[in-house]
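This report refers to the structure that appears directly beneath it.
Every heavy atom of this structure was used, including side-chain atoms; hydrogens, water molecules and symmetry mates were not. Remember, it's a predicted structure, so these values are computed and weren't measured experimentally.
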Amino acid sequence: MSTRSDRPLPATGEHLDVTPRSGVLDVAFERRPQRVLARLRGEIDLDDAAQLRNDLVAALRSSPCGLDLDLSDVTFCDSQGVHLLTDLDRLARQSGKTLVLTGLSRPVARLLHVTGAQRVLDIRGRPEPEAGPGGAPPAR
């Protein structure tokens, strides 16, 4: 697991890339004006679920509107991962925020389908650019 909950997220627009500790799961956070984007790479399983939960809850709490999870590079996800995602979704809703899953990898999409979790989670194709001033997408 490669995140640390005691490390503050970067300022808006900056990236936080961290060095993997176990080599199984990498997480990089990007603070955007209204949301935090977390890009996960590797395996979400029992070994990493508790620390990952702490890190993602901290990111959710630090975000004005919610948390986006890019899961396109997740190669494995077990039931602990599904529980984590549904729990994060519940926490987001309780705090008036949203959790959005983007770019599901094939293993994650299959597991969410088999468990039925895709019916309760907000799933989108890929991370969207956050709207700039006046609601327009940021210029590239």
Side-chain angles (χ1 to χ4, degrees):
M1 180 63 193
S2 64
T3 61
R4 290 180 43 136
S5 58
D6 59 343
R7 182 183 308 178
L9 289 176
T12 300
E14 294 179 11
H15 297 271
L16 172 65
D17 294 315
V18 291
T19 306
R21 286 189 294 223
S22 70
V24 177
L25 181 64
D26 255 344
V27 180
F29 292 97
E30 177 184 338
R31 182 180 299 282
R32 296 174 168 195
Q34 296 299 313
R35 304 182 64 77
V36 172
L37 172 64
R39 297 180 190 275
L40 284 69
R41 184 179 63 210
E43 300 179 4
I44 303 172
D45 58 19
L46 179 62
D47 293 336
D48 291 319
Q51 182 62 47
L52 178 61
R53 181 187 191 286
N54 291 340
D55 296 338
L56 294 178
V57 167
L60 177 64
R61 288 186 178 145
S62 74
S63 173
C65 295
L67 180 63
D68 298 333
L69 297 181
D70 180 352
L71 303 174
S72 57
D73 291 326
V74 174
T75 57
F76 175 81
C77 183
D78 66 10
S79 62
Q80 289 295 316
V82 174
H83 177 69
L84 168 67
L85 295 174
T86 56
D87 191 39
L88 272 175
D89 184 63
R90 179 184 54 77
L91 291 171
R93 291 173 194 266
Q94 287 175 346
S95 61
K97 300 176 183 183
T98 58
L99 174 72
V100 176
L101 308 181
T102 63
L104 300 184
S105 66
R106 178 174 246 149
V108 173
R110 185 176 191 299
L111 183 61
L112 295 181
H113 175 74
V114 168
T115 62
Q118 90 283 356
R119 290 182 291 225
V120 297
L121 297 170
D122 186 356
I123 301 171
R124 301 189 188 162
R126 62 185 189 140
E128 297 177 10
E130 192 165 74
R140 293 196 179 249

Counting only pairs under 3.5 Å, give me each side-chain donor-acceptor contact of residues 113-121, with atom names and distances, residues two or more places apart or in other chains.
| residue | atom | partner | partner atom | Å |
| --- | --- | --- | --- | --- |
| T115 | OG1 | L111 | O | 2.9 |
| T115 | OG1 | L112 | O | 3.3 |
| T115 | OG1 | A117 | N | 3.4 |

**Item:** CG on D47 to CD on Q80, rounded to 0.5 Å
**Value:** 10.0 Å

**Request:** First locate atom OG of S79, then atom CD1 of I44, and finally report the distance between them rounded to the nearest 0.5 Å.
**Result:**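 The distance works out to 12.0 Å.
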
**Message:** Hydrophobic clustering (ILVMFWY, side-chain heavy atoms < 4.5 Å, transitive) - are F29 and L91 grouped together?
**Reply:** yes

**Prompt:** Would you say F76 and L85 are hydrophobically clustered, going by side-chain heavy atoms of ILVMFWY under 4.5 Å?
**Reply:** no

**Asked** Side-chain contact, heavy-atom cut-off 4.5 Å: L52 with L40?
**Response**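 A side-chain contact exists here, since the closest heavy-atom pair is under 4.5 Å.
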
**Message:** Can you confirm whether E43 sits close enough to L25 that some side-chain heavy atom of one is under 4.5 Å from a side-chain heavy atom of the other?
**Reply:** no

**Asked** Picking from V74, V27, L88, what satisfies side-chain contact (heavy atoms from CB on, under 4.5 Å) with L69?
**Response** L88

**Prompt:** With L67, which of V100, L101, L60 fulfils side-chain contact (heavy atoms from CB on, under 4.5 Å)?
**Reply:** L60

**Message:** Could you report the tightest heavy-atom contact between A59 and S62, atom names first, then the distance?
**Reply:** O-OG, 2.9 Å

**Request:** Sequence neighbours left out, what passes side chain to side chain contact (heavy atoms under 4.5 Å, CB included) with S72? Give chain and number order.
**Result:** D70

**Prompt:** Can you list the residues that meet the side chain to side chain contact (heavy atoms under 4.5 Å, CB included) rule with D73, with sequence neighbours excluded?
**Reply:** R41

**Prompt:** Under 3.5 Å, side chain of T102 to main-chain N/O of G125, donor-acceptor pair present?
**Reply:** no

**Asked** S63 side chain to Q34 main-chain N or O, any donor-acceptor pair under 3.5 Å?
**Response** yes

**Request:** Output all residues satisfying side chain to side chain donor-acceptor pair (under 3.5 Å) with T98, sequence neighbours left out; order by chain, then residue number.
**Result:** R35

**Message:** Show me the pairs that pass salt bridge (Lys or Arg N to Asp or Glu O under 4.0 Å) and involve residues 87-102, at least two apart or across chains.
**Reply:**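 Those involving residues 87-102 are R53-D87, D87-R90, D89-R93.
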
